[in-house]
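Worksheet: the structure to be examined is printed underneath.
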Amino acid sequence: MTSTPPPDRPTERDFRLLLERTGADLLPGLTGAEFETVEQDLGFRFAADHRSMLSAALPTGKGWPNWRYGGARDLRARLALPAEGVLFDVEHNAFWPEAWGARPAQRKHALKSARYHLARVPRMVPVYGHRYLPGTEGQWGHPVLSMMQTDIVVYGANLTNYLTAEFLDGGIEYAEPTVPFWRDLVS
């Protein structure tokens, strides 16, 4: 399912032109069938702008998840990194959000409870390296988050701002994070 971008949003052509300037190796964009396979196999949906970008061209090379040939194990590991980073901080750095209630006294129980809570938060989908967008089908314009454990910052007001800032020496514009739980961790 491909959604039409709102009038002020980039088109596939806009994304293709931007990706050509990043220096990434570009393969033909993902097809509708490939999107369905990836999303079904990995249990998430691409946000509309992420889908539009990947329809325009599939960037590959160091740092880019290869949604066509990357292998399920590698892609699952990349998808798990945000939650794994939180679990690391629960175990080693006494991280515990107030919204989760009282922290269990035993570490193993704290980790079990944290896993329970993390299974209920929106899935974050890698764009490049440790930069992520939420997996929210049909939505445009989420800020791109740089995620290292619970050290999370906005790294672009939207996908085009992120790509420009990361690869073309553009400035990072700020936008309020939109995704429940993860927005509360943005510093």
Side-chain angles (χ1 to χ4, degrees), residues 30 35-51 53-54 59 62-159 161-163 165-166 172-187:
L30 295 178
F35 277 114
E36 288 303 315
T37 298
V38 168
E39 292 172 334
Q40 184 173 8
D41 289 352
L42 299 174
F44 73 90
R45 294 286 186 198
F46 287 100
D49 44 3
H50 201 176
R51 179 180 284 269
M53 180 190 88
L54 294 171
K62 186 176 181 181
W64 295 99
N66 189 329
W67 298 106
R68 183 175 287 132
Y69 303 120
R73 179 179 287 164
D74 175 63
L75 294 171
R76 279 189 178 85
R78 286 174 177 255
L79 286 162
L81 279 176
E84 292 297 322
V86 171
L87 291 171
F88 180 90
D89 281 353
V90 166
E91 183 174 8
H92 299 286
N93 297 319
F95 174 77
W96 194 260
E98 193 174 298
W100 290 357
R103 180 186 172 109
Q106 290 188 323
R107 187 180 337 189
K108 70 179 182 178
H109 295 299
L111 286 168
K112 182 177 180 180
S113 180
R115 282 187 186 91
Y116 170 84
H117 289 290
L118 288 167
R120 285 145 184 79
V121 302
R123 199 88 186 266
M124 298 301 290
V125 178
V127 175
Y128 175 84
H130 56 274
R131 315 293 195 235
Y132 285 78
L133 277 172
T136 51
E137 181 179 27
Q139 294 187 11
W140 285 82
H142 289 284
V144 173
L145 301 181
S146 177
M147 306 180 81
M148 294 291 291
Q149 293 166 230
T150 54
D151 180 15
I152 300 175
V153 297
V154 171
Y155 217 79
N158 54 47
L159 187 54
N161 174 241
Y162 160 71
L163 292 168
E166 182 82 59
I172 296 173
E173 297 172 15
Y174 182 82
E176 285 296 320
T178 54
V179 188
F181 178 75
W182 302 109
R183 69 177 165 227
D184 299 333
L185 303 183
V186 172
S187 52

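Position 1 is the first residue of the sequence, and the numbers go up from there.
Side-chain contact between Leu81 and Met124: absent, with no pair of heavy atoms (C-beta onward) separated by less than 4.5 Å. The side-chain heavy atoms of Arg76 and Leu42, taken from C-beta on, include a pair separated by under 4.5 Å. Side-chain atoms of Phe44 and Val38, non-hydrogen and from C-beta on, do get closer than 4.5 Å to each other. Between Gln139 and Thr178 the shortest side-chain heavy-atom distance does not fall below 4.5 Å. Considering only heavy atoms from C-beta on, Phe88 stays 4.5 Å or farther from Thr150 through its side chain. Residues Asn158 and Pro143 are not in side-chain contact: their nearest non-hydrogen atoms beyond the backbone lie 4.5 Å or more apart. The shortest side-chain heavy-atom distance between Leu118 and Trp100 falls under the 4.5 Å cut-off. Between Leu79 and Tyr132 the shortest side-chain heavy-atom distance does not fall below 4.5 Å.
Residues Arg115 and Glu84 are not paired through a salt bridge, judged by the lack of any N-O separation under 4.0 Å between the basic side chain and the carboxylate. The residues Arg123 and Glu39 are annotated as not salt-bridged, no charged nitrogen and carboxylate oxygen being separated by less than 4.0 angstrom. A salt bridge links Glu166 with Arg131: the closest approach of a Lys/Arg side-chain nitrogen to an acidic carboxylate oxygen falls below 4.0 angstrom.
Remark: Leu185 CG to Gln149 CD distance equals 12.0 Å, nearest 0.5 Å. Leu87 contributes atom CG, which lies 14.0 Å from atom NZ of Lys112 (distance to the nearest 0.5 angstrom).
Remark: Arg120 is positioned above the aromatic ring of Tyr116, its terminal NZ or CZ atom under 6.0 angstrom from the ring centre and at most 45 degrees off the axis.
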Are Leu133 and Leu145 close enough, and set up right, to give a side-chain contact (heavy atoms from CB on, under 4.5 Å), and what steps lead you there? CA-CA 7 Å; Leu133 277 172; Leu145 301 181; over 6 Å; no
Worked check of side-chain contact (heavy atoms from CB on, under 4.5 Å) between Val154 and Val144: CA-CA 6 Å; Val154 171; Val144 173; over 6 Å; no
Under the side-chain contact (heavy atoms from CB on, under 4.5 Å) rule, what do Trp182 and Met147 come out as? Steps first, then yes or no, please. CA-CA 9 Å; Trp182 302 109; Met147 306 180 81; 3.3 Å; yes
How far apart are the C-alpha atoms of Ser113 and Trp96, what are their side-chain angles, what is the distance that settles it, and do they pass the side-chain contact (heavy atoms from CB on, under 4.5 Å) test? CA-CA 10 Å; Ser113 180; Trp96 194 260; 3.7 Å; yes
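Annotation for Pro65 and Val127: closest pair CD-O, 3.2 Å, computed over non-hydrogen atoms. For the residue pair Val186 and Pro177, the shortest heavy atom distance occurs at CG2-CG, 3.5 Å. When every heavy atom of Arg78 is checked against every heavy atom of Gly63, the shortest pair comes out as NH1-O, 3.3 Å. Taking all atoms of both residues into account, the shortest heavy-atom contact from Val153 to Ser187 is CG1-OG, 3.6 Å. Residue Leu54 comes nearest to Pro59 through the heavy atom pair CD2-CD, 3.9 Å, listed as atom of the first residue, atom of the second, then distance.
Side chain of Asn93 to main chain of Phe95: no donor-acceptor pair is present (N/O by atom type, distance under 3.5 Å, no hydrogens or angles).
Remark: aromatic rings of Trp64 and Tyr69 are distant, center separation not under 6.0 Å. Taking the six-membered ring wherever Trp is involved, the centroid distance between the rings of Trp67 and Phe35 does not fall below 6.0 Å.
Paired with Thr136 under the rule side chain to side chain contact (heavy atoms under 4.5 Å, CB included), one option of Arg45, His50, His142 passes, and it is His142.
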